[in-house]
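The structure appears below as structure tokens.
Proteins get letters first, then strands, A, B, ... in listed order; numbering begins at 1 in each. All heavy atoms count here, side chains included; hydrogens, waters and symmetry mates do not.
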Amino acid sequence: MVEHSAFAGAQAVTATQGGTTVRAIEPLSVVSVTAWRGQEAALADAVRATFGLDLPQAGRWTAHAGLTAIWAGPGHWWLQRGGRSALMQELAALGDHAGLIDISDARAVLRLRGPLARDILLGLLPLDLHPSVFTPGQVASTIAAHMTVQVRQLDDKPTFDLSCLRSYAGSLWRALELASAGPPRLSALSA
Amino acid sequence: MRIPCPHCGERGNDEFFYLGAAGLTRPAADAQPEAWHDYVYLRDNPAGKHSELWQHAHGCRRWLVVTRDTRTHAVFSAVDATP
Amino acid sequence: MEYSFVSLLREALRGHTGWRPAWRDAAPKPAYDAVIVGGGGHGLATAYYLAKEHGLTHIAVLEKSFIGSGNAGRNTTIIRSNYLLPGNERFYEKSMQLWEGLEQDLNYNAMVSQRGVLNLYHSDSQRDQYARRGNGMRLHGVDAELLDQAGVRKLYPWLDFANARFPIKGGLLQRRGGTARHDAVVWGYARAADRLGVDIIQNCEVTGIRIEGGAVQGVETTRGYIATNKAGLAVAGNTSRVAALAGLRLPIESHVLQAFVSEGIKPMVDGVITYGAGHFYISQSDKGGLVFGGDIDGYNSYAQRGSMPVVEDVLESGMALMPRLGRLRVLRQWGGIMDMSMDGSPIIDRTPVDGLYLNAGWCYGGFKATPASGWCFAHTIARDAPHFINSELRLDRFATGALLDERGAGATPNLH
Amino acid sequence: MTRISTGGLIDRSKTLRFRFDGTNYSGRPGDTLASALLANGVRLMGRSFKYHRPRGVLSAGPEEPSALVELRSGARREPNIPAPVVELFHGLEASSQNRFPSLGFDLMAVNGLLAPLFSAGFYYKTFMWPASWWEKLYEPLIRHAAGLGRAATEDDPDSYDRAHLFCDVLVVGSGPAGLAAALAAGRRGARVVLCESGPLLGGRLLAEHTEIDGMPGPAWAAATEAALRDCPGVTILRRTTVAAVFDHGSYVAVERVADHKPVPDSHEPRQRVWRIVAKRCVLAAGAFERLATFGDNDRPGVMLAGAVRTYLNRYAVLPGRAPVVATSGDDGWRTVADCVRLGIGVAAIIDRRSEITSQQRQLAEASGAQLLLGGRIARVYGGTGLYGLDVEDAAGKRQFVSTELLAVAGGWNPAVQLACHLGGKPVWSEHTQAFVPGTLPPGMSVAGAARGTFGLAAALAEGSAAGAAAADGTGFAGSAPAVPRADDAATTPAPIWFLAGGRGKAFVDFQHDVTTADIAQAQQEGFVSVEHMKRYTTHGMATDQGKTGGVAGMAAMAALTGRSMAETGTTLHRPPYTPIAIGALAGHHRGKDFRPTRRTPAHDWAAEQGASFVETGPWLRAEWFTQPGERTWLQSCTREVNAVRGGVGVCDVSTLGKIEIVGPDAGAFLDFLYINTFSTLPVGRVRYGTMLREDGFVFDDGTTARLAPDRWVMTTTTANAPRVLQHMEFVHQVLRPDWRVAFVSVTDQWAQFAVAGPRARSVIAAVLDAGFDVSDAAFPFMAAGNFTSLGGVETRLFRISFSGEQAYEIGVPSAYGDALVRKIAAAGAVPYGLEALSVMRIEKGHPAGGELNGQTTAMDLGMGRMMSSKKDFIGRAMAQRPALRDPQRPALVGLKPVKAGDRLRAGAHLLPRTATHRIENDQGWISSVAFSPSLNSWIGLGLLANGPARHGEIIRTLDPVRGGNALAEVVSPCFIDPDGVRLRG
Ligand SMILES: Cc1cc2nc3c(=O)[nH]c(=O)nc-3n(C[C@H](O)[C@H](O)[C@H](O)COP(=O)(O)OP(=O)(O)OC[C@H]3O[C@@H](n4cnc5c(N)ncnc54)[C@H](O)[C@@H]3O)c2cc1C
Ligand SMILES: NC(=O)c1ccc[n+]([C@@H]2O[C@H](COP(=O)([O-])OP(=O)(O)OC[C@H]3O[C@@H](n4cnc5c(N)ncnc54)[C@H](O)[C@@H]3O)[C@@H](O)[C@H]2O)c1
Ligand SMILES: Cc1cc2nc3c(=O)[nH]c(=O)nc-3n(C[C@H](O)[C@H](O)[C@H](O)COP(=O)(O)O)c2cc1C
Ligand SMILES: [Zn+2]
């Protein structure tokens, strides 16, 4: 196999307690899209017209027909598809309104799913992930175990995607391992 | 401390990188040396309200102007540094 | 009263009824030959040396709170003279030499303890930087030893050599470095200055500086106006505020530095150790507490307290270096306000205002400077000109570019 | 000193065995080490710091100053642990500390005889002669004597967790006030976190005989706990102490997850630090009973009256026979009442007042005690254990009372600590005769005893109101909560009890052995500010931070100076509330997990090739690849250099910072960042550039390629990559926001390899997909372009050279890095590491880490002419300052030892050949060295005053810290192929 996992050395899928799982999501095609100043609306229109996708507001992500848009900062999004695809070419027309940079291999993503997911994340992320506060459709970037980590909630199972710089993949894996090592911290919140 | 990022919401100050006083204007290329000395080195350093530059380095990566009381750490406002 | 074992014994026998105040609680007089603003170690030492070395006796030290309430009373007590740049090294070595005879000079036991200061290195490039520094010290005639890993192990076999994320490769050791009792330095200088006639005036905040024709006339205080033609500022973290009273803007920011002390335990850490791969340094006080700290919090503050991330950073670094610390407990944690200069080095100089002198920019390292700072500042004030020893600690170096940037961090105080 | 036969919150069906000072004892689940020891008749538990006074237990909580033990053993030994907070577990081991040879017979107690010498600050006044004796004799003695317990001498084997919680309302303490607050807020739907230090909820309800809503206190607490569990938003954290308050509603709490077990369960952390962010906080931390000051008030058997009730009611232990109760107000009468209820005969009751109520008179009669109104304690008998008292009545009539237990009720100090962590000063309340919270941290309110509200009904009402208000404040309004009913007669506040006279030392700090005499001496010597007094006497500076004795010391100073308590004030309270384990605050971040690790895509491959890795910042990089037969790193490194210079090698350079920059204004942006011009660079070319900081010193360097008219890729040094990106974001967002330029770090996107050596081109050709022309003509030196390799994988190729050889850097998306490097190696390239890379760059005179140290200018590094005069750029103006342009500044030179085989060392200083070895003659230093296989000599780069004008001069390189002293010739920094023939080949 030519492609190599960012998590080389770690098991690709592992079960933690209580039916909660973690697995690597790769490969992905990701393009960083930064609107030129004043072109945010034009960019949004172009994305909507071409891909039928609404660019998300701050702190949110949206998806349509396999294309996901993740907010990464004001005027800044990551457009993402699963698997390897020629996403840069697909998005080329957006270049009138924005700067496009391929970051498909720049990040490593772990998907954490199951009833203990929140309890585990209490031990990692300095974010309020309570269901009344953080819901599917939201994304946030923060510091965790001395790394920049982006967390994105996919559904209510709950499922979270965590991503970090690819070179830190092993350390993110390790951080999750440590965060899930002991018995659950609070049964109430993880229910 | 918690800093209310105008883009991401309130976060712990460990997500941010601090630079120093905001509101300093970079002198023109042909400005006198005194103007540059002033810009690069001299600071009001007030005890009280202070406008300062923080970057939300682990979040949206935006540079922000945060206005904060240096005696109590109370934050009055945080806005994007791009005018 | 001269302090000695004899006087202690005498007092012990008569129930300690004969002790006198260590210094007079003076009230301000209308005028002084010189006024030192700031009753920290530096201000008090300045007054002492002005009286002792320059024969000025009509001097007041004005302190807004109680003496030693500032950084002098809250620092981690490390003294050393292991600097890289000659302009700094000769100054800090002067200080070291004054420390070495301080008790006898002041008749006060400041508990100067030359237990050795060890700076660890964790990479070849760090080793080479330390070698450069150590060699410079040796050229100054100052002691410095570059240890390899085995050398460090011999001193402290229980550091984490086995499982470290950043392995210890060696260290730069200055055996003459060590610690001194922070409060005793303040009280010792206060008592000695008082014995030479200096007025130490507490609860007296300077709120204005009167300047006419570009020259100092006196200072306004919360206890009234005091006339003087020479005013020396030694107010550490408050430098910008006080200098602003004279219309000066300075290359200084005020930042918090935190420190910690553990519960008292039997001897464990013999000397001073600084971790080179994280923000952590530690020593053990005579009372048994482990005294430790790390980096500044990194933002402007006058609040004398820190924030959580730095607490964690310091303790993580401590555990990384000394995993046996785990079950010991932090007893108290506090903060001080550092006068961080733009190149990380101090200023002892005249100012553009005649008769106004500046002693500032001590960053996190001014305790060790206390004796030399007072000695040089006294000289600068008395002679209206710096001594050779503080000749590079100039205020105009930021304009000329003759900086003293030990770390090469540039004009960003939070990176020094 | 016996177990009372009924009652208490202990489980009498189970027995727990434990050891104290080597003796076996047994206790019950629910006991603490202190209660179990008392139940076994052990009163002597420790020795004091200075005088080695025998000490028992004073309190029943974390405020304990005296009964400190070494808990557990070996690697788990913990010194100075207060026995009253240690939950008993089976197999517990503890020992007393600071005594020799034993607790009962401590030779160090001789210090007590020398006590007159050990007065406040004695060490400041003596030990000065002869000067050299301080470190040799005096200080070692002082150090040996100081300290209490012993730290473990092995690494802490347990793990610690750190976690985050967010809530609307944080309630600190689960006494009646805290429970009521939590319930009021929880019932309104707010997210509530309730933290309780102890293992059970209830606070004083567990210790007192009370009734709420018709239920005994503990039952009400249990019922309330159940009700709280029914509120979906409520989280209850037991064994969790809120330890610190930080800005903006940040709190730190420590959960003792497994401290009540012999060892943690597998994978279980010993403790957990919670970082709690709360919009509101209700502080319901209760109060600490304060000690009263009288001679020998520290004898084992003298206890706080409230603590005595705790032992009676909660632990069913009578801490001593025939108790005497001494009280300054109504509070001590509760202890009498409990004794009466439990059938315990009271020997005497001393009330400092002359008037008491009729109920109290009845109680006194029922207890069988002698009643001494307006009386005092004249003398305490018993060294290692109290056996009697001389008591004196109002008329001065003195008599001996036989007793083992003196329960003293001298008033309560609200637990104001957390209210003060942000600098708020407590204020003296004449009404409560105590310091109560003053200015509160934003978002905090205080309820119950912590606020000086000592009545139960009032505490419940205050708690309910505070909880409801806090919920209101976070958007959870509701009707007024039902306040639980409790009947308790309002008690009169008790003044601070300062019993003058009597024999013996009157302690105000038990742990540090500070007495009223020390306070008096401090006052005499001018240390009258409470902060001075504290520092001079060490009053309040021990592990208990003066929780029981602090205010007593202030009161002593107030009395001496004639100032009021309000004028006297208190010292500052600082975090933590009670001591926190260092390991807990560090969490998992120790050992290899101290900091995360960055690995390159070729890491596994490198490991297979025998790489030895070195930490460079967060990265691990291959330093060299040891081959069979190589015994030193120098052998490996030299082989690698030779392989490159004689053939071809491959080096992983993925760690270099890579920033991709797009947009129509990217050229102008680069011109502004770099000292040289980039906007004119043609597409398909790459250029070396240098950046300054705004203060004119060199910041970073690297190459930037133009891949398309509006697409560039910049490389930075590994170390500076994050800071360069941050700097660019600052320049763009703050200084030049209108420019259309976008950039992100692509360091992790691209796996990049340097392929260098005379055969580099053939390797590159073999690696790229078929059909590409990489001939010198088609792809000359400093060319850049897009290619494919590995069968269609996007590939970036740059013809740049750090080694001075014909060389390329080739990059593919990181997932393909492993495959690419294997292919490169298969094509014949020999792996080389960081050391060989460094040797070759030194041979070429390229500045790197040693030279780019933040103290050098472009001119120092021989790049002065690159500074464009035609444009503005960051750092241009400040680089013109006179000291930065001084020709005498040390500038870059090459150095070659005069004597073949002499080794140069980085960090050596440079002096004129014949000059004396003094700092005045110091002219520079060596910044980097290498053994050059090509020259068969050590060589170095250095910074030498006026260096470029001194080529050919012989100078001295001096390295006293390593004993080096060699002569070297100053030469050009470029040692090899100065005309660049090879790299263009
Ligand atoms: C946590 C910490 C750890 C440190 N560790 C070390 C160390 O290990 N080694 C080392 O060498 N250095 C260390 N330092 C630095 C060192 O403490 C300071 O640099 C040094 O004490 C400053 O000089 P000073 O003693 O004169 O300052 P201070 O003691 O701060 O004196 C300044 C005085 O001026 C008074 N003042 C301010 N404004 C006015 C006014 N308007 N009117 C009148 N009076 C005024 C203040 O109240 C204060 O008492 C540390 C500092 C801190 C905070
Ligand atoms: N008669 C008196 O003079 C007098 C004096 C004091 C108290 N009391 C009685 O005490 C009770 C007061 O009730 P209350 O609720 O105010 O206090 P409380 O003492 O009953 O409860 C305080 C609780 O807070 C916990 N706590 C303290 N600090 C903590 C921290 N930092 N983190 C976590 N937990 C912490 C303690 O462990 C305790 O359980 C009433 O019953 C009152 O009658 C009476
Ligand atoms: C070297 C040193 C040792 C200290 N040791 C103790 C100690 O053993 N116990 C204690 O309570 N505080 C100790 N402190 C901290 C002081 O109590 C105090 O917090 C500090 O000087 C700052 O003052 P502040 O907290 O009043 O602002 C120590 C401080 C220093 C500088
Ligand atoms: Zn943000």
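- Ring pair C:W187/D:F527 is perpendicular by interplanar angle, where above 60° counts as perpendicular and below 30° as parallel.
- No side-chain heavy atom of D:P579 sits under 4.5 Å from any side-chain heavy atom of C:E263.
- The closest donor-acceptor contact from the side chain of D:R143 to the backbone of C:P267 lies at 3.5 Å or more, if one exists at all.
- D:R162 has a carboxylate O that lies under 4.0 Å from a charged side-chain N of C:E316, or vice versa, which qualifies the two as a salt bridge.
- At distances below 3.5 Å, at least one donor-acceptor pair connects side-chain atoms of D:H532 with backbone N or O atoms of C:I67.
- Of the atoms belonging to D:Y138, not a single heavy atom falls under 4.5 Å from chain C.
- Taking a cutoff of 4.0 Å between a charged side-chain nitrogen and a carboxylate oxygen, C:D313 and D:R595 qualify as a salt bridge.
- At a threshold of 4.5 Å between non-hydrogen side-chain atoms, the residues D:Q855 and C:L84 count as touching.
- Salt-bridge check for D:K125 with C:E11: failed, with every basic side-chain N at 4.0 Å or more from each acidic carboxylate O.
- Contacts between D:T543 and chain C at a heavy-atom distance below 4.5 Å involve backbone atoms as well as side-chain atoms.
- Without hydrogens or angle criteria, C:R324 side chain to D:T153 main chain gives a donor-acceptor distance under 3.5 Å.
- Side chain of C:Q104 to backbone of D:M128: a donor-acceptor contact under 3.5 angstrom is found.
- Side-chain atoms of D:R535 never come within 3.5 Å of backbone atoms of C:A184 as a donor-acceptor pair (strictly under, hydrogens ignored).
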